[in-house]
Amino acid sequence: MPDSADTFSCLACNRRYRWIPAIAGKSLRCKCGQPISVPPAPGMQPQPISYSPTSGTSENTVAELLAHPIRNFAIPIIYAALIIFCLIDFAPQLFPSTAVAVGFCIVTVGSALIVTGGIFIYGLIKSARFEIPSISFALGSFKILTVIVLADAAIVALGAYGVNTGALTRHMYMSLGVMGALLVVFFGVAAAVVWAASFAVFHYHEDDFVSLGFPLSAGGWVAHFIIVIAYLICANVYLKHLHAPPPTPPSQSSPANSATP
C-alpha cells in the first residue's frame with residue numbers, strides 16, 4: 001500500500017492500512033497479532049496500546065469475545081460434538097476390546113489436555129510479554145484442544161473406514177513401504193484437519209492468536225501424538241503378554257521299574 005496521509009502503520013511489522021473515518025479512534029489487531037490504536041485523524045501515527053495482564057477480564061476483552069460467538073464458541077462446540085461422535089462410534093471398531101478403545105480415548109483426550117494445559121500455563125506466565133489477557137489465553141487453549149483432538153478423530157474415522165472396507169485388518173502384515181504410506185496418509189489428514197480447523201477459529205485480524213493459532217495447534221498435536229503412540233506401544237505389549245499361552249510344564253521322566261522279577 002503506498003505511503004500517504006490516509007494510511008497508518010503497525011508499530012511491530014510496519015504493515016500499512018488505509019485510514020477511514022469509520023475506524024477512527026478504534027482498536028484493531030494487525031495480521032501479525034499486534035494491537036493497533038487507529039489514529040483519530042489522518043496523517044497521525046497510532047499510539048502503542050497494551051492489555052493489563054493483572055485484570056485479564058476487562059469489559060473490553062469480554063465484549064470482543066462475545067462479539068464473535070460463531071468462531072469463539074459455536075465452531076469449537078461443533079468440533080467437540082464431532083470428536084465425541086467419532087470416538088464413540090469409530091474407536092471400538094479399531095481395537096480388539098472395549099477396554100483398549102476406552103483407554104485409547106482417555107489417553108487421547110488426556111494427552112491433549114496436558115499439552116493445552118501447558119500452553120495455557122506458559123501463556124499466563126508470559127502474558128505481559130505477549131500483551132494478551134488471560135481470558136483470551138483460556139479461550140485460545142480451548143480452541144487448540146478441540147483442534148488437536150479433532151485431528152485424532154479424523155484419523156480414527158479414516159482407520160475405521162479402512163477396517164470396514166477390508167483395506168486394513170488388525171492382523172495384516174505391513175512391510176516398511178506400506179507402513180510408511182499409511183503414516184504419510186495419516187499425517188497428511190492430521191495436517192489438513194489442523195490447518196482447516198485452525199483457520200476457521202483463528203484467522204481473523206482482531207483475534208489474539210491470529211499468528212499463533214496454527215503453530216501452537218500443530219506443535220501441540222505432534223507432542224500429543226508422541227504420548228498416544230507411547231500408549232499404543234505399551235497397550236500392544238500388554239495384550240501380547242495377556243494372551244500369551246501359558247508355559248508348558250517340564251516333562252517328568254517315568255520312574256524306574258523296581259519290582260522283583
Side-chain angles (χ1 to χ4, degrees), residues 29-35 50-87 104-156 190-231:
R29 187 164 295 279
C30 179
K31 291 184 177 180
C32 70
Q34 175 70 22
S50 61
Y51 294 110
S52 175
T54 57
S55 61
T57 57
S58 63
E59 294 182 359
N60 293 334
T61 303
V62 175
E64 289 177 1
L65 298 179
L66 296 178
H68 304 280
I70 294 179
R71 78 163 187 268
N72 288 334
F73 303 103
I75 295 179
I77 290 175
I78 293 174
Y79 289 170
L82 290 175
I83 290 168
I84 294 173
F85 171 78
C86 291
L87 293 181
F104 170 79
C105 295
I106 293 175
V107 171
T108 298
V109 178
S111 60
L113 284 172
I114 293 173
V115 172
T116 53
I119 294 174
F120 176 64
I121 295 174
Y122 177 78
L124 290 180
I125 296 174
K126 298 294 184 178
S127 59
R129 175 184 176 186
F130 293 143
E131 297 181 347
I132 299 177
S134 58
I135 188 172
S136 292
F137 266 111
L139 183 59
S141 300
F142 175 69
K143 292 180 182 180
I144 293 172
L145 172 66
T146 57
V147 170
I148 290 175
V149 187
L150 185 64
D152 295 328
I155 292 177
V156 170
V193 171
V194 169
W195 179 85
S198 301
F199 185 89
V201 294
F202 289 122
H203 190 74
Y204 294 91
H205 294 178
E206 66 275 11
D207 195 283
D208 288 321
F209 286 82
V210 65
S211 60
L212 296 175
F214 174 70
L216 287 176
S217 299
W221 185 86
V222 172
H224 134 89
F225 176 78
I226 295 174
I227 298 176
V228 174
I229 289 299
Y231 162 76

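Position 1 is the first residue of the sequence, and the numbers go up from there.
Summarising the geometry, atom OG1 belonging to Thr116 is positioned 8.0 Å from atom CD1 belonging to Ile144; distances are rounded to the nearest 0.5 Å. The distance from the CD1 atom of Ile83 to the OG1 atom of Thr108 is 10.5 Å, given to the nearest 0.5 Å.
Here the closest non-hydrogen pair linking Val115 and Gly220 is CG1-CA, 3.5 Å. Here the shortest heavy-atom pairing between Phe120 and Ser141 reads CB-OG, 3.3 Å. The heavy-atom pair separating Tyr79 from Ala200 by the smallest distance is OH-CB, 3.4 Å. Smallest separation of non-hydrogen atoms from Pro76 and Asn72: CG-O, 3.7 Å.
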Let me check something: any side-chain donor-acceptor pairs from residues 145-154 under 3.5 Å, sequence neighbours excluded? List them with distances.
unit_1, atom_1, unit_2, atom_2, d
Thr146, OG1, Phe142, O, 3.4
Thr146, OG1, Lys143, O, 2.7
Asp152, OD1, Trp221, NE1, 2.9
Asp152, OD1, His224, NE2, 3.2
Asp152, OD2, His224, NE2, 2.2

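Counting only heavy atoms from C-beta outward, the side chains of Trp195 and Phe214 approach each other to under 4.5 Å.
For the side-chain contact (heavy atoms from CB on, under 4.5 Å) test, residues two or more places apart in sequence or in another chain that qualify with Ile70 are Ile75. Evaluation of the ring pair (Phe, Tyr, Trp, His ring centres under 6.0 Å) rule for Phe104 yields Phe95 as partners, not counting sequence neighbours.
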